[in-house]
Amino acid sequence: MSESTNKQKEKILVTSALPYANGSIHLGHLVGYIQTDTWVRLQRMLGTECYFICGDDAHGTPVMLRAEAEGVTAETLIDKMRHQHLEDFKGFNIKFDYYHSTHSDENRELVIEIYQRLKKADLIEKRSIEQLYDPKRKMFLPDRFIKGDCPKCHEPDQYGDGCEKCHTIYTPMDLINPFSTISGATPIIKKTEHLFFKLSTCEDTLKNWMQGNLGTFKQEKNKESKQPLQGESINKLDEWFESGLRDWDISRDAPYFGFPIPDEKDKFFYVWLDAPVGYMASFKKFCELTGKANFDDFWNADSPHKLYHFIGKDILYFHALFWPAVLSKANYRTPDKLFVHGFLTINGRKMSKSRGTFINARAYLDIKALNPEYLRYYYAAKLGNKSEDIDINLKDFVFRVNSNLVGKYANIASRTAGFIHKLFAGKLCRSLSNEASSLLQTFIDEAKTIENFYQQRQFNEAIRVIMNLADKANEYISDKKPWDISKKISLQADDNNQEDDKDRNKLHEICTVSINAFRLLTLFLKPVIPVIAEKVEKFLNIESLDWQQHSALLLNHKINKYKHLVSRIEDKHIDELIEVNRKAMNEITETSKKQTETSDATTISFEDFAKIDLRVAKIINAEHVEGADKLLKLTLDIGDVQKQVFAGIKSAYQPEQLIGRHTVMVANLAPRKMRFGVSEGMVLAAGPGGKDIWILQLDEGAKPGMKVQ
RNA sequence: CGUGAUGUAGCUUAAAGGAAAAGCACAAGCCUCAUAAGCUUGAGGAUAGUGGUUCGACUCCAUUCAUCACGUCCA
């Protein structure tokens, strides 16, 4: 105790990659979050001051477009997604200290501050570039929103960066018949001014950050080096250095969902500039809300504390190049470690929607038989500290969980707890003989090894050691045959007490050792399966286990009755998962189909068009609606009937301008109850909104009620 | 096409130039305390192919094949 208090206590800030607000969490995402959570839980058990911070990555074109397609504001969408993400994380027992959003005041302030510091350091430059532009949607197009025919092999429907079929690499401008996936329009090349961060000047800074990157991968294996990156990542970075660092385009033109850039017109910060700043923002909010930590202590350039980012290998580029460069040049501290993990494959292949293996977190959680901690366990059993891809083989998953968690681990308690209650009133021995405690000593001896494996994120190794111990415990029980002794006792009944006492003690001791072995295994597994561990703590009638307690034994202590702890998985549960997931996926693709159908990009059939009953309408009355900001109440004459319609055109028209005019309305639109009354249709108007709304006007002669076709 | 990574038993991984290991799955036997759990034994391998360096290669080099990732402003 005194030794550790003298040492300066290490404080760690840990982050997981921020999930993007344009999608649900799936099993692939969970690899990173479960890895981080497991690691953080170990830190907490060790008593290390460690904060686990995350949040939603909310900005960018995809979010903007999706919000539009759903007919909601971007804010509504990201709010909904954030809650959905949080629910999924909660389901898998991922426990953040704080979970924020990049669309927050804290983040805006920090981004602007960083930007201004970079600008002051003369690291921001304005340049004119040419970009593809969608003339119909009036917006610049990211590459991924352009498709066309491959210039080489003429395969249709290829993305702007390269052909999936012949693997030719090209730019979107090379595509034959390019079209915008948003509007279908042919993109045109348009000049625009963008802001660049001069990353090309940061090579020394970055190499310095990487520190002595000459060490080889093999040297790193047993000892955590001082380098912030694993060997594979260093290779990748070297590649990037070799091809030369290019300046980084950090601005995007309106329309864009993001933070406006100060002193610029219609320019926004690119989502990847503000995303990692979200780590800071989330932590800042956490500090302000809880007062548990001091933001500056952790983020100032001379911070003594550790900053670790857990990320997937797909975003190494941002975290290993831009992020340290930006931080360093803006006079903040840089990350100490980037822990990079690989992708998840399912049954050896990429997750696939058609095979039903693109499995959402929600689908898994919806199958009650699939304990979320089984997945945590499986990931832990497979995760090493390399950035290799990991595979979840669904058959292997079932076998492994059943065999390791149910057959080996839980079984140890299950097969001995009964005796403790039947014969010893639920109480463990007062003390153990040397012979009996020797098994437990081997457990205790392995604690340091296990801790180190966890620390170095070699969870697979940690699990291997733990399961070896579980095997030892089961061997011990088989060897000692407590059931034989128990029979002897019942046969002897109240015969001769001396023999009987001896046997009773022996049996008591065997069961006490087993329960203690079980307790230690639980302690070792707790970072991986925290909720199961909690149940065990209740069963053992003990306080929450921390790592220190591995050296003590549980003696002379009353435990509770053993209750069923974990259930086996059956193949049918996996089939169910695939099925549930497939259904959910179909729904998603259908709604997204519907969304594109309603957008102006796709065509509809004549039948679809014929469903819409368009009529000439005479506006016989128009009036303001009390309490409504945008609505006017219109009374429309369409020949034989009059309809009442609430139209969102107040910003562009005064009621008196409208009365008496002829326009076109959708007459068969389902009536909709609104706050101010029932609206029985829609009038047609053009324009983006605000003052720019123009309702349709008809030439002389059209009579109310005429069908428009 | 280029660059990088990976390829070991049915599955998941070890072996850092010195006898190819372990767990799960499989087979046989034992056991019955436990959720058909547990224990013992066994079978299972041209280490993707070819060529080279070496007394000796899963390991180092070259090359081929397969899979994956990345490839000038999507990052």
Side-chain angles (χ1 to χ4, degrees), chain A residues 60-62 127 129-131 141-146 152 159-163 166-172 194 196 199 216-219 221-222 231-232 235-236 238-240 242-250 270-272 275 313-319 321-322 342-343 345 347-350 378 381-382 384 386-404 406-408 410-419 422 460-461 463-464 467-468 471 473-487 507 510-511 514 562 564-568:
Chain A
T61 306
R127 275 184 223 163
I129 62 162
E130 289 186 334
Q131 225 192 337
L141 293 167
D143 284 6
R144 53 191 286 199
F145 289 102
I146 301 159
K152 195 172 174 196
Y159 285 101
D161 50 357
C163 176
C166 70
H167 301 108
T168 309
I169 305 301
Y170 44 77
T171 69
H194 273 219
F196 285 77
L199 185 72
T216 68
F217 176 53
K218 283 177 178 172
Q219 283 170 333
K221 197 166 180 186
N222 290 318
E232 312 92 285
N235 288 351
K236 198 78 210 167
D238 284 341
E239 251 180 75
W240 288 329
E242 218 163 288
S243 57
L245 296 179
R246 275 174 287 274
D247 293 341
W248 187 31
D249 185 351
I250 57 159
Y270 176 48
V271 55
W272 263 111
K313 63 183 182 184
D314 51 330
I315 53 176
L316 179 69
Y317 204 82
F318 304 98
H319 285 80
L321 292 182
F322 303 130
F343 299 143
T345 55
N347 294 337
R349 290 155 170 269
K350 269 199 255 191
Y378 190 75
K382 306 207 72 170
K386 297 190 202 169
S387 59
E388 284 172 346
D389 293 352
I390 71 163
D391 182 56
I392 174 167
N393 181 299
L394 294 172
K395 276 214 163 81
D396 187 52
F397 173 68
V398 173
F399 287 141
R400 204 148 180 163
V401 165
N402 287 346
S403 148
N404 292 8
V406 185
K408 279 185 188 174
N411 200 221
I412 294 166
S414 172
R415 62 194 305 202
T416 49
F419 295 118
K422 247 185 274 169
N460 51 356
E461 298 293 336
I463 295 292
R464 186 193 300 239
M467 281 305 136
N468 273 335
D471 283 339
N474 276 312
E475 280 167 38
Y476 171 85
I477 297 169
S478 294
D479 188 43
K480 300 290 178 190
K481 298 186 170 53
W483 52 93
D484 282 352
I485 303 175
S486 119
K487 271 178 211 151
L507 179 61
I510 293 163
C511 294
S514 302
Y562 179 80
H564 191 74
L565 195 71
V566 282
S567 306
R568 308 177 78 79

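Order of the sequence lines sets the chain letters (A, B, ...), proteins ahead of strands, with each chain counted from 1.
Separating the P atom of G2(B) from that of U12(B) is a span of 29 Å, rounded to the nearest Å. Spacing between U8(B) and C33(B) at atom C1', rounded to whole Å, works out to 40 Å. A distance of about 15 Å separates the P atoms of C26(B) and G10(B), rounded to the whole Å. Taking the C1' atom of each, A16(B) and A25(B) are spaced 30 Å apart, rounded to whole Å. The same atom, P, is picked in U53(B) and in A62(B); the two are 15 Å apart, to the nearest Å. Only the C1' atoms considered, G45(B) is 15 Å distant from G7(B), to the nearest whole Å. To the nearest whole angstrom, the two C1' atoms, one in U3(B) and one in U72(B), are 14 Å apart. Of the C1' atoms belonging to G52(B) and U59(B), the separation is 15 Å, rounded to the nearest Å.
C1(B) is paired with G71(B) under the criterion used here, namely a Watson-Crick or G-U wobble arrangement in which both key atom distances are under 3.5 Å. Under the Watson-Crick or G-U wobble criterion, with both distances below 3.5 Å, C60(B) is paired with G52(B). Searching all strands for a Watson-Crick or G-U wobble partner of A14(B) with both distances below 3.5 Å returns nothing. Pair check for A9(B) finds none; no Watson-Crick or G-U wobble contact set falls under 3.5 Å. Remark: U35(B) base-pairs with no nucleotide; criterion is Watson-Crick or G-U wobble with both hydrogen-bond distances under 3.5 Å. With both pairing distances under 3.5 Å, A28(B) is matched to U40(B) as a Watson-Crick or G-U wobble pair.
Under the 3.5 Å distance criterion, the side-chain polar atoms of K313(A) are left unmatched by any main-chain donor or acceptor of F343(A). A donor-acceptor pair is defined here as one N or O able to donate and one able to accept, closer than 3.5 Å; such a pair exists between the side chain of N474(A) and the backbone of K408(A). With hydrogens and angles disregarded, no donor-acceptor distance shorter than 3.5 Å links the side chain of N411(A) to the backbone of V406(A). Formation of a donor-acceptor pair under 3.5 Å by the N393(A) side chain with backbone atoms of N347(A) is not found in this model.
In the set U35(B), A34(B), U32(B), the nucleotide with an atom closest to the side chain of H564(A) is U35(B). Nearest nucleotide to the R568(A) side chain, out of C11(B), A37(B), U72(B): A37(B). Of the listed nucleotides (C68(B), U35(B), C11(B)), C11(B) has the atom at the smallest distance from the side chain of N393(A). Here C74(B) is the nucleotide among C11(B), C31(B), C74(B) with the atom lying nearest to any side-chain atom of Y270(A). Taking every side-chain heavy atom of A410(A) into account, U35(B) is the closest of C74(B), U35(B), U6(B). The side chain of E239(A) lies closest to G4(B), out of G4(B), C73(B), U35(B). Among the nucleotides C33(B), U72(B), A69(B), the one closest to any side-chain atom of F343(A) is A69(B). For F399(A), the listed nucleotide lying nearest its side chain is A25(B); candidates were U72(B), C73(B), A25(B).
At whole-Å resolution of the value, CZ in R127(A) and P in U72(B) are 17 Å apart.
Here R464(A) does not reach the OP1 or OP2 of A22(B): none of its side-chain N or O atoms lies under 4.0 Å away. The side chain of K395(A) places no N or O atom within less than 4.0 Å of a non-bridging phosphate oxygen (OP1 or OP2) of U12(B).
Here the shortest heavy-atom pairing between I477(A) and S514(A) reads CG1-OG, 3.4 Å. The two residues I485(A) and K480(A) have their closest heavy-atom pair at CD1-O, 4.0 Å.
Using a 4.0 Å heavy-atom cutoff across all strands shown, N460(A) reaches no nucleic acid atom at all. At a threshold of 4.0 angstrom between heavy atoms, the contacts of Y562(A) include nucleobase atoms, whether or not backbone atoms are also involved. Among the protein residues, R400(A) comes within range of the sugar-phosphate backbone only, with heavy atoms under 4.0 Å from sugar or phosphate atoms but none that close to a base. Backbone-only contact: F322(A) has heavy atoms under 4.0 Å from sugar-phosphate atoms and none from a base. Contact annotation for I129(A): no contact, since no heavy-atom pair falls under 4.0 Å across all strands.
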Below 3.5 Å between N/O atoms, which protein atoms pair up with nucleotides 38-42 of chain B? Just atom names and distances, please.
{"residue": "G38(B)", "atom": "O2'", "partner": "R415(A)", "partner atom": "NH1", "Å": "3.1"}
{"residue": "G38(B)", "atom": "O2'", "partner": "S478(A)", "partner atom": "OG", "Å": "2.7"}
{"residue": "C39(B)", "atom": "O4'", "partner": "S478(A)", "partner atom": "OG", "Å": "3.3"}

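Nucleotide A66(B) carries an anti base; the chi torsion (O4'-C1'-N9-C4 or O4'-C1'-N1-C2) is more than 90° from 0.
A salt bridge does not link D249(A) to R127(A): none of the charged nitrogens lies less than 4.0 Å from a carboxylate oxygen.
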